[in-house]
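Notes follow once the structure below has been shown.
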Amino acid sequence: MEEEARKLNFLEEIIEDDLKSGKVESILTRFPPEPNGYLHLGHAKSLCINFGLAQKYGGKTNLRYDDTNPTKEDTEYVDAIKEDIKWRGFQWEKECYASDYFDQLYEWAEWMIQQGLAYVDDQTQEQMRENRGTVDTPGKNSPWRDRTPEENLKLFREVRDGKYADGEKVRRAKIDMAHPKMEFRDPIMYRIKHAHHHRTGDKWCIYPMYDYTHGQSDSIEHITHSICTLEFDVHRPLYDWYIKTLGIYPSHQYEFARLNLTYTLMSKRKLLELVQKGLVAGWDDPRMPTLCGVRRRGYTAEALKMFCEKIGVSKRDQLMDIQLLEWCVRQDLNARANRYMVVSDDPIKVTLTNWPAGQVEWYDCPLNPADPEGAKRKVPFTGELLIDRADFMEDAPNKFFRLKPDGEVRLKYTYIIKCNELVKDAEGKVIELKCTYDPSTKPGSGEWRSVKGTIHWVSTAYAKELELRQYDRLFTLADMSQVPEYMDYKDFLNPESLVIAKGYAEPALLEDKSGIAVQFERVGYYIIDKDSTSEHPVFNKTTALKDSYRPE
RNA sequence: UGAGGUAUGGUGUAAUGGUAGCACUACAGAUUUUGGUUCUGCCUGCCCAGGUUCGAAUCCUGGUACCUCAACCA
């Protein structure tokens with residue numbers, strides 16, 4: 001046990017060393033989303049690292065919005081991000097915005113010009129691209145590179161004051177156009193954007209780039225450990241360069257491998273596209289891998305926490321099997337999700353021919369079988385029932401344990417019944433099963449008899465129609481053997497590639513119209529309300545569920 | 001042909017010079033009033049080649065593969 005706890009990932013080692021050596025007194029991390037989309041499963045990992053590490057070592061975490069690109073950002077996202085972080089169970093120390101630092105950043109920018117460390121460039125985007133060179137050929141200096149500090153300052157102020165149009169000029173750091181690291185070939189610090197910012201409004205028409213903003217923001221807040229994903233590792237030298245050049249608080253950046261999940265899209269850009277094209281109902285569509293999406297799907301914050309603890313932290317590219325996530329969800333839900341019996345639409349009627357007419361028996365069924373002494377629900381049993389069509393098969397193979405002609409099955413919590421006769425309609429479709437029940441098999445009376453199958457049922461007399469507007473698991477519970485690995489979102493949108501996992505037993509959360517959470521123990525039922533605006537053919541199915549559940 | 005990063009079963013992650021462990025998955029079996037859960041069993045691994053050493057996943061040398069970087073995105 002204790003040895004288990006002693007295993008540290010590389011970030012924990014770094015932090016412990018820094019704490020031990022006195023390099024820092026306590027740690028301060030930050031979670032820096034750009035408010036241009038909703039948080040997804042990948043962010044769950046980042047959240048767990050940035051907040052979790054601080055928590056573990058008695059430090060704090062700032063929530064900082066990286067809002068340096070006004071054309072992509074919006075307060076809708078700012079609010080949604082906060083909500084998701086809270087749902088996940090984390091509390092930030094300070095709520096910060098990169099835009100809070102625009103004035104300071106600008107001051108530093110003028111100072112750099114005065115030091116001859118930056119210049120205004122008149123090249124077009126194309127010229128700049130050409131002159132930047134490639135990974136194995138050096139770049140060429142801009143013809144405007146040697147403007148005097150005075151001229152640069154004058155120009156820069158004119159740019160700031162809006163004398164130029166978008167793209168006309170750009171502000172660059174003067175480093176080295178032949179540098180082997182592409183990031184050092186005179187990186188752009190400011191670009192002109194006559195755009196309305198969600199916080200600073202129209203105050204600025206120039207906006208700083210990520211590289212010129214992030215390190216300084218960390219520094220201003222005195223972030224001790226700035227932890228980000230691997231693709232930023234090539235930026236670290238530049239991060240350090242700005243901090244060193246400006247002589248400000250030395251925050252340090254560390255990188256870990258971002259999370260990828262099999263069969264799952266984890267790109268904000270593509271998720272945004274799904275939303276914008278109306279291919280999903282929104283960012284919180286349960287098919288989406290967003291935190292609000294999986295939340296509607298029934299995932300719990302605890303399950304996500306468990307998952308993040310299991311996947312570990314390293315610098316190797318990580319493609320996690322989504323089955324581990326699902327295992328975590330089941331693990332969590334299995335212990336505490338309430339269970340209700342349910343049949344999906346198009347059920348089969350079962351008539352018990354030897355049941356005393358009009359008789360009703362009530363059963364106390366546990367809300368959670370794992371806790372048989374816990375809360376109960378009352379379920380009425382009568383001589384006319386409905387069962388799920390999938391629980392009956394006329395020409396059943398040997399391995400089919402549910403109801404078949406002349407076969408026996410246990411109705412969950414009640415009697416064993418035997419199927420004696422099929423009733424079919426004109427098309428030959430089975431519409432009713434005439435069965436007999438075995439009175440001696442009533443639970444609690446006499447000897448217990450076992451049969452292979454146990455199925456759900458509802459009493460037609462008491463069945464309550466419950467219209468649900470949430471469908472469930474269409475995406476992640478698709479039969480994985482049917483879809484190619486790395487299923488692209490285009491395939492995702494192709495209904496042919498989706499196979500609903502029928503009978504996959506897992507507790508799930510669904511919501512009815514009034515927003516009440518109802519949990520069923522078998523999923524594979526997908527439900528959508530009649531008013532659904534989704535254009536996706538798979539989802540345009542109206543399903544009314546019948547449930548034996550009777551509130552109080 | 002540049003710079004940076006990473007290599008341990010199918011997937012992910014431990015072992016820091018001393019028997020390659022754990023989890024998920026797959027498979028097999030037991031239990032089961034959910035074909036769930038639980039329990040048991042089981043297959044599969046140190047990128048390659050040299051070297052140092054009594055002993056190497058670990059140290060050294062040389063290869064190889066994969067990822068990231070050439071947005072006025074973050």
Side-chain angles (χ1 to χ4, degrees), chain A residues 3-4 7-9 32-34 36-37 66-69 71-73 98 121 123-125 128-130 132-139 166-172 178-185 187-193 206-207 209-211 213-214 228-237 255 257 259 262 268-269 307 309-328 330-331 334-335 339 341 365-366 369-370 372 399-402 410-414 416 441 443 448-456 480 503-507 520-522:
Chain A
E3 295 200 11
E4 195 90 16
K7 282 180 187 174
L8 300 178
N9 65 48
E34 182 185 14
N36 67 346
D66 238 330
D67 55 351
T68 57
N69 188 355
T71 53
K72 288 191 177 169
E73 295 151 7
D121 197 344
Q123 291 183 106
T124 64
Q125 204 165 339
M128 279 189 58
R129 182 161 41 235
E130 280 167 29
R132 186 152 31 225
T134 68
V135 288
D136 43 24
T137 59
D166 289 8
E168 213 174 319
K169 287 186 168 25
V170 92
R171 231 297 294 267
R172 309 176 76 176
H179 200 106
K181 298 182 202 297
M182 297 300 290
E183 293 73 24
F184 277 82
R185 318 250 257 231
I188 293 171
M189 297 165 64
Y190 276 96
R191 76 286 216 191
I192 302 173
K193 264 181 199 279
I206 55 169
Y207 291 93
M209 302 288 291
Y210 167 86
D211 281 316
T213 308
H214 205 92
C228 60
T229 48
L230 232 39
E231 64 268 28
F232 290 102
D233 75 332
V234 289
H235 294 250
R236 191 182 344 109
E255 309 88 14
L259 169 68
T262 53
K268 255 199 222 174
R269 214 206 97 246
F307 176 66
E309 283 166 357
K310 288 209 169 286
I311 61 177
V313 179
S314 72
K315 300 187 88 155
R316 307 165 50 176
D317 289 336
Q318 184 182 49
L319 176 61
M320 286 307 304
D321 193 329
I322 194 161
Q323 291 180 108
L324 178 63
L325 207 211
E326 294 178 337
W327 179 83
C328 290
R330 288 199 301 274
Q331 196 73 11
N334 190 52
R339 315 302 170 81
M341 287 193 287
C365 307
K399 293 260 185 169
F400 186 78
F401 301 141
R402 287 161 276 170
R410 166 79 64 177
L411 293 179
K412 195 170 169 68
Y413 299 125
T414 68
I416 290 175
T441 56
W448 181 259
R449 183 154 75 85
S450 261
V451 282
K452 196 73 176 166
T454 302
I455 63 171
H456 283 204
M480 299 308 180
Y504 195 104
E506 175 183 333
F520 295 95
E521 74 184 46
R522 293 177 69 181

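Naming convention: chains lettered A, B, ... in sequence-line order (proteins, then strands); numbering from 1 in each chain. Here the structure is a predicted model, which is why all the values come from computation and not from measurement.
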Could you measure between the two [atom1] atoms, the one in [N] and the one in [M], and give it in whole Å?
| N | M | atom1 | answer |
| --- | --- | --- | --- |
| B:rA56 | B:rA20 | C1' | 12 Å |
| B:rC72 | B:rG5 | C1' | 27 Å |
| B:rU25 | B:rC43 | C1' | 12 Å |
| B:rU58 | B:rG45 | C1' | 16 Å |
| B:rC27 | B:rG51 | P | 43 Å |

Using whole Å, report how far [atom1] of [X] lies from [atom2] of [N].
| X | N | atom1 | atom2 | result |
| --- | --- | --- | --- | --- |
| A:Lys7 | B:rU13 | NZ | C1' | 9 Å |
| A:Tyr210 | B:rC72 | OH | P | 16 Å |
| A:Ile192 | B:rC73 | CD1 | C1' | 17 Å |
| A:Gln323 | B:rG10 | CD | P | 16 Å |
| A:Arg185 | B:rG2 | CZ | P | 13 Å |
| A:Trp327 | B:rU11 | CH2 | C1' | 15 Å |

Problem set entry | A:Arg129 CZ to A:Thr124 OG1 distance, which is reported to the nearest 0.5 Å |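 If I round to the nearest 0.5 Å, the distance is 8.5 Å.
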Exercise. Distance from A:Met128 atom CE to A:Arg172 atom CZ, nearest 0.5 Å?
Worked result: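 A:Met128 atom CE to A:Arg172 atom CZ measures 3.5 Å (nearest 0.5 Å).
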Problem set entry | Glycosidic class, syn or anti, of B:rA71 using a 90° window around 0 |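 Nucleotide B:rA71 adopts syn.
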Exercise. Can you check whether A:Thr134's main-chain N or O pairs, donor with acceptor, with A:Arg185's side chain at less than 3.5 Å?
Worked result: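 Such a contact is found between A:Arg185 side chain and A:Thr134 backbone.
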Exercise. Can you check whether A:Glu34's main-chain N or O pairs, donor with acceptor, with A:Lys268's side chain at less than 3.5 Å?
Worked result: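 A pair under 3.5 Å: yes.
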Pairing nucleotide - [N], Watson-Crick or G-U, each distance under 3.5 Å:
| N | value |
| --- | --- |
| B:rG55 | none |
| B:rU16 | none |
| B:rU11 | B:rA23 |
| B:rC46 | none |
| B:rA65 | B:rU6 |
| B:rU32 | none |
| B:rA70 | none |

Would you mind classifying the nucleic acid contact of [X] as base, sugar-phosphate or nothing, using non-hydrogen atoms under 4.0 angstrom?
| X | answer |
| --- | --- |
| A:Tyr190 | nothing |
| A:His214 | nothing |
| A:Gln123 | base |
| A:Thr68 | sugar-phosphate |
| A:Glu34 | sugar-phosphate |
| A:Phe400 | base |
| A:Pro443 | base |
| A:Lys72 | sugar-phosphate |

Does the side chain of [X] get closer than 4.0 angstrom to OP1 or OP2 of [N] through an N or O atom?
| X | N | answer |
| --- | --- | --- |
| A:Gln318 | B:rC66 | no |
| A:Arg236 | B:rA3 | no |
| A:Lys193 | B:rC73 | yes |
| A:Thr137 | B:rG2 | no |
| A:Arg410 | B:rU32 | no |
| A:Arg129 | B:rC72 | no |
| A:Arg330 | B:rU25 | yes |

For this session: For A:Gly453 and for A:Ile311, find the nucleotide of RNA chain B with the closest heavy atom, then tell me which residue's nucleotide is more 5'.
Result: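 Looking at the nearest nucleotide for each, A:Ile311 comes out on the 5' side.
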Exercise. When you match A:Val313 and A:Leu324 each to their closest nucleotide on RNA chain B, which lands nearer the 5' end?
Worked result: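 Closest to the 5' end, via its nearest nucleotide, is A:Val313.
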Problem set entry | Side chain proximity check, A:Asp121 to A:Lys169, heavy atoms < 4.5 angstrom |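 Counting from C-beta outward, A:Asp121 and A:Lys169 never come under 4.5 Å.
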Exercise. Given side chains that start at C-beta, do those of A:His456 and A:Lys412 come closer than 4.5 Å, heavy atoms only?
Worked result: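 Yes; the side chains approach each other to less than 4.5 Å.
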Problem set entry | Any N/O donor-acceptor pair, A:His179 side-chain to B:rA70 base, under 3.5 Å |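 Donor-acceptor pair under 3.5 Å: no.
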Exercise. What nucleotide, of B:rA3, B:rC72, B:rG21, holds the atom closest to the side chain of A:Val234?
Worked result: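 Per side-chain heavy atoms of A:Val234, the pick is B:rA3.
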Exercise. Of the nucleotides B:rC24, B:rU1, B:rC73, which one has an atom closest to the side chain of A:Arg191?
Worked result: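 So the nucleotide nearest the side chain must be B:rC73.
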For this session: Could you label the plane-to-plane angle of the A:Phe184 and A:His179 rings as parallel, tilted or perpendicular, counting under 30° as parallel and over 60° as perpendicular?
Result: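 Plane angle under 30°, so parallel.
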Exercise. Do A:Lys193 and A:Asp166 sit within salt-bridge range, that is, some charged N less than 4.0 Å from a carboxylate O?
Worked result: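 The answer is no: the pair does not qualify as a salt bridge.
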